[in-house]
Each structure stands twice: as C-alpha cells, then as structure tokens.
Amino acid sequence: MKTYTREDIIGLVREEDVEFIRLQFTDILGMLKNIAITSSQLEKALDNKVGFDASLIAGFGRDGESDLYLYPDYDTFAIFPWRPQQGKVARLICDVCYGDGTPFEADPRYILKRAVAEAAKMGYRFEVGPECEFFLFHTDENGLPTTLTHEQAGYFDMSPLDLGENARRDIVMTLEDMGFEIEASHHEAAPAQHEVDFRHDEVVKTADNIMTFKLAVRTIAKRHGLHATFMPKPKQGVDGSGMHINMWLLKDGKNVFSDEREEYGLSREASYFIGGIMKHVKGMAAVTNPLVNSYKRLVSGYEAPVLITWNVTGRNPLIRIARGKGEEKRIELRSPDSAANPYLALALCLQAGLEGIRQQIMPPADMDCNLWELTEEEKEKNNIAEIPGTLIQAVQEMEQDSLVRETLGEYAFKKYIELKKKEWNAYKAQISAWELQHYLSRY
C-alpha cells in the first residue's frame with residue numbers, strides 16, 4: 001500500500017494534470033457518496049475544511065448537528081483510469097468528522113476503525129479477502145437496466161459461451177491499474193453471473209477496496225453497454241450473488257488460525273473465533289444481508305447457506321474452513337452479499353470473533369455432510385438453527401443482540417434499525433406479480 005504526504009498529493013495532482021478530485025465517503029446503508037472539487041480547492045480539502053449538510057444522508061442527520069466535515073485519508077489517493085487523460089479525475093476516501101475533528105459516531109469507516117483498535121489491544125491484525133459476485137445484464141434502448149441476457153454460460157465457462165468475458169477482462173485490467181492485486185476472475189454458476197477475487201489485505205483497506213471495486217465494475221460494464229448489479233437475487237430460479245468473506249487473524253505477523261497439532265489444522269483461537277461468529281450471526285444478518293431481496297437468495301436448493309453450521313469438506317455450510325497450512329488457513333463466512341455495507345459487516349465479523357476468543361466460545365460439532373440432505377429430525381437432533389428468513393426477522397434478531405449494538409454504537413444502531421423497518425414496511429405494502437397470478441382470478 002502506498003503512503004502519501006500532503007505535499008505528495010499536491011505534486012501528483014499537478015504532475016498528472018488532475019482537474020477534479022472526488023472526496024468519497026460511505027453512508028450507513030453502504031451507498032458511496034462524494035463531493036467533487038476542482039484542483040484549485042485541493043489544499044482546502046487536505047486541510048479538512050470541506051464540509052457538507054448531512055441532514056439528507058442516510059443515517060447521518062442529527063437534530064441541530066447536521067454540518068459534518070470530510071477528512072481525507074491521504075493513502076487512498078488514486079486516479080480513475082477510466083476518465084480522460086487530460087483533466088483527469090482522482091479520488092480520496094474520507095473519514096467523516098464534526099467541526100472540531102471528533103469522529104462522527106455513525107461514520108461506517110470509523111465504526112470499523114474502532115473494531116480494529118479493539119483487535120490491536122489484543123495484539124491482533126485482521127485481514128480479509130472478499131469474493132464478490134455480480135450480474136452483467138443488457139440495458140434497454142434508454143440505457144436503463146434490465147434482467148435480460150443472451151448467454152447461457154455456467155460455472156467456469158469461457159467464450160463463446162461467456163458473453164461477458166471482454167467486460168470482465170476490462171474490469172480486471174482497470175482494477176490492476178488502480179493497484180488491486182487480482183487473484184482470479186471467472187464466470188459463475190448462473191447465466192450472466194461473474195466473480196472477481198482480489199487479494200486479502202488489512203480490513204479497513206479491504207472495505208475501501210470493496211467500495212472502489214463496485215464503482216469500477218459498474219463503470220466499466222456501462223462502457224460495454226451492460227448493467228452490472230450487486231443485487232443479491234435479481235432472477236428467480238438461479239443462484240444469487242454473494243460476497244463470501246475470507247478471514248485471517250495475525251499476531252506478530254503469523255496467522256493464529258493455523259495449528260497443525262489440532263484437528264483440521266485449526267487453532268483454538270480459530271475455533272473460538274468461529275464460535276463467536278456463530279453465536280452472533282443471526283444478529284448480524286440485517287447488516288451482512290441488508291435488503292428484502294437478500295433473503296430471496298438465502299433459501300434452500302441453491303448455493304447460499306441457510307443452516308448455521310461449519311465444516312471443512314461438506315456442502316453448503318455457513319462457515320467453511322479452507323484447507324492448507326500457515327497463511328493459507330482461513331475462515332470463510334458464506335452468507336453475506338455485496339449489498340452489505342462492508343465497513344459495518346466486517347466490523348461485526350471482527351467483534352464477534354474477538355468476543356469468541358475472549359470468552360472461549362467453542363462452536364458446535366462440525367457437520368461434515370451434504371446439508372441439503374438433512375431431514376428436519378436430523379436438524380433438531382443436532383440442534384442446528386437457521387439464519388433469519390426475512391429482513392424483518394433479521395432486524396428483530398439484531399435488536400436483541402448486544403454485541404451488534406455495541407459495535408455500531410447506540411446512534412448508528414438505532415438509525416440503521418429505523419431505516420430497515422421503513423424498508424420492510426414499504427415492501428409489505430406492495431402487491432407482487434405472484435399474488436396477482438395466484439389470487440386475482442381465484443378469489
């Protein structure tokens with residue numbers, strides 16, 4: 001990761017002929033926001049003097065305290081490779097603060113940094129590698145998104161079956177131009193579904209990268225006349241798109257999840273970390289799977305997990321343990337989707353795992369089997385619970401989880417629940433095509 005000083009950024013903007021700088025931040029719902037300035041205003045921005053009215057930003061507005069300020073993180077400076085070569089556009093990711101420099105408590109990036117500080121007190125560094133899936137669909141004659149595709153490619157298929165291969169190649173090359181280390185990219189199981197994996201990194205950097213990744217994917221797809229969507233389940237009858245979270249915990253530069261003396265080469269810290277996540281995964285679900293649509297993906301019969309289990313070789317667990325030794329040993333949480341706010345989702349994963357370590361929470365026995373074939377009696381016998389089935393169920397679980405409340409902080413916690421209940425109530429009032437098809441002529 002590059003490090004920059006104030007003078008470095010001023011020099012780069014001048015030398016690279018950068019005309020516009022986007023000061024980016026993320027709201028509580030995971031939407032990327034920005035204020036664009038010209039290069040003439042750069043020094044003002046670097047002095048943390050760019051403010052904004054937060055009253056209309058989701059989860060940000062506070063009565064009597066709507067003015068907030070953007071504090072650029074110098075090390076996030078990057079030039080967008082898809083913009084003009086003259087009058088270029090760059091970005092700086094910002095922390096959101098009050099006028100006196102105090103962090104704004106509902107800034108998702110600050111919430112994650114607070115969790116990182118908690119890990120640091122215990123001597124840990126948390127690294128994460130996401131597996132981001134998305135669909136590439138056609139647009140209509142007005143350039144608006146559809147769910148149409150002409151391809152019928154499947155898992156790991158290639159051209160000519162994979163009609164999105166050129167767009168995916170451009171996405172990868174663009175990301176590499178921005179400093180990403182891309183480990184793999186391929187067609188996923190459903191037609192028009194793709195995955196790009198980038199190398200794991202320190203958790204705040206990874207959350208920043210996820211937001212940049214989604215912006216780049218959408219931008220490059222549009223250049224190919226396509227619409228990229230991270231909606232978890234845009235089409236019925238095929239697999240949805242997830243964002244599997246691969247996790248490493250390091251102490252003194254060594255991966256503490258690995259211990260070849262233990263079963264599966266999994267250390268006690270790793271077992272406790274799993275135990276903590278399994279304890280809180282229901283309460284985390286409204287964040288890791290934040291949309292009404294998220295729960296259309298989390299149903300039986302598809303690749304997304306439904307049961308709260310872990311294993312090494314079995315099919316479709318919530319948590320999978322990757323084979324390998326040393327650095328390769330990792331914990332993979334498979335339920336989250338890319339609609340999640342990555343800062344909040346990763347903060348919860350970290351805090352739940354840390355609680356597991358502090359309290360030595362052992363997970364239940366691993367279920368090394370095909371979970372799709374378990375009967376209801378077998379689930380009951382093994383005390384296997386399910387993740388929430390709807391957004392409102394997830395919100396209700398969240399309301400009861402003290403760790404989620406403490407991780408987000410009281411203000412962000414209440415705002416988030418308020419927004420999600422509003423979303424659910426709006427959804428409840430809708431009349432779906434399914435209802436009309438099944439009820440209109442019959443009743």
Side-chain angles (χ1 to χ4, degrees), residues 130-140 144-169 171-172 184-197 210 213-214 217-218 220-222 224-245 285 288-307 314-318 320 332-340 370-374 386-391 394 427 430 432-438:
E131 299 175 23
C132 298
E133 297 172 344
F134 56 93
F135 282 86
L136 293 175
F137 291 129
H138 296 305
T139 55
D140 65 16
L144 298 175
T146 73
T147 56
L148 300 176
T149 179
H150 291 149
E151 72 156 49
Q152 292 298 318
Y155 196 56
F156 278 22
D157 278 345
M158 54 188 291
S159 181
L161 288 174
D162 177 4
L163 300 181
E165 188 173 68
N166 288 338
R168 194 174 68 239
R169 182 186 302 115
I171 288 167
V172 169
S185 66
H186 59 85
H187 197 285
E188 259 295 337
Q193 188 182 36
H194 303 264
E195 177 177 313
V196 177
D197 304 329
I210 291 171
F213 172 83
K214 292 199 283 187
V217 168
R218 291 193 186 101
I220 303 306
K222 188 174 182 179
H224 283 259
L226 299 169
H227 174 72
T229 181
F230 293 92
M231 181 179 175
K233 186 85 168 186
K235 297 198 77 168
Q236 182 180 341
V238 298
D239 290 323
S241 291
M243 182 178 68
H244 296 181
I245 298 175
T288 57
N289 306 90
L291 306 182
V292 167
N293 180 257
S294 296
Y295 299 86
K296 307 294 176 74
R297 167 181 168 257
L298 300 173
V299 294
S300 296
Y302 296 94
E303 288 297 321
V306 174
L307 304 178
R315 289 292 304 276
N316 222 33
L318 174 76
R320 187 178 74 87
E332 179 186 3
L333 179 63
R334 301 178 62 254
S335 58
D337 60 58
S338 294
N370 188 340
L371 298 171
W372 290 333
E373 297 177 352
L374 288 178
E386 294 189 4
I387 57 180
T390 64
L391 178 61
Y427 169 71
Q430 299 301 307
S432 68
W434 186 94
E435 291 170 274
L436 293 175
Q437 179 185 348
H438 284 79

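What's counted below: heavy atoms across the whole structure, side chains too, no hydrogens, waters or symmetry copies.
- Here the side chain of Asn293 pairs a donor or acceptor atom with the backbone of Lys233 at under 3.5 angstrom.
- Rounded to the nearest 0.5 angstrom, His186 NE2 and Gln193 CD are separated by 9.5 Å.
- No side-chain donor-acceptor contact under 3.5 Å links Glu151 to the backbone of Pro191.
- Of the inter-residue distances, the one linking Leu391 atom CG with Leu291 atom CG reads 7.5 Å to the nearest 0.5 angstrom.
- Just one of Val238, Asn316, Asp239 meets the side chain to side chain contact (heavy atoms under 4.5 Å, CB included) condition when paired with Tyr302; it is Asp239.
- The two residues Ala192 and Thr149 make their nearest non-hydrogen contact at CB-OG1, 3.6 Å.
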**Message:** As a quick check of understanding, evaluate side-chain contact (heavy atoms from CB on, under 4.5 Å) for Arg297 and Asn289, giving each step before the final call.
**Reply:** CA-CA 10 Å; Arg297 167 181 168 257; Asn289 306 90; 3.7 Å; yes

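- Without hydrogens or angle criteria, Arg334 side chain to Gly242 main chain gives no donor-acceptor distance under 3.5 Å.
- At least one side-chain heavy atom of Phe230 sits less than 4.5 Å from a side-chain heavy atom of Arg218.
- The two residues Leu136 and Ala228 come nearest to each other via the heavy atoms CD2-CB, 3.7 Å.
- Rounding to the nearest 0.5 Å gives a distance of 11.0 Å between CG of Asp140 and NE2 of His227.
- Of the inter-residue distances, the one linking Glu133 atom CD with Glu188 atom CD reads 4.0 Å to the nearest 0.5 angstrom.
- A distance of 4.5 Å separates CD1 of Ile210 from CE of Met243, quoted to the nearest 0.5 Å.
- Below 30°, between 30° and 60°, or above 60°: for Phe213 and Phe134 the angle between ring planes is above 60°, a perpendicular geometry.
- Taking OG of Ser338 as the reference point, atom CD of Glu131 lies at 10.5 Å (rounded to 0.5 Å).
- Of the options Cys132, Pro232, Ser241, a side chain to side chain contact (heavy atoms under 4.5 Å, CB included) to Asp337 is made by Pro232 and by none of the others.
- The environment of Glu435 atom CD is dense: over 12 non-hydrogen atoms of other residues, nucleotides or ligands sit within 6.0 angstrom.
- Between Glu332 and Ile245 the shortest side-chain heavy-atom distance does not fall below 4.5 Å.
- Heavy atoms only, all atoms of each residue included: Pro388 and Tyr295 are closest at O-CD2, 3.4 Å.
- When every heavy atom of Thr139 is checked against every heavy atom of Gly225, the shortest pair comes out as OG1-O, 3.4 Å.
- Enclosure of atom NZ in Lys222 is not indicated, since only 12 or fewer non-hydrogen atoms of other residues, nucleotides or ligands lie within 6.0 angstrom.
- Side-chain atoms of Asn166 and Arg169, non-hydrogen and from C-beta on, do get closer than 4.5 Å to each other.
- Listed for the Glu386 side chain is no donor-acceptor partner under 3.5 Å among the backbone atoms of Val306.
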**Item:** Trace of the side-chain contact (heavy atoms from CB on, under 4.5 Å) decision for Leu333 with Leu318
**Value:** CA-CA 6 Å; Leu333 179 63; Leu318 174 76; 3.9 Å; yes

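- In this structure the side chain of Ile387 reaches within 4.5 angstrom of the side chain of Leu298, judged on heavy atoms.
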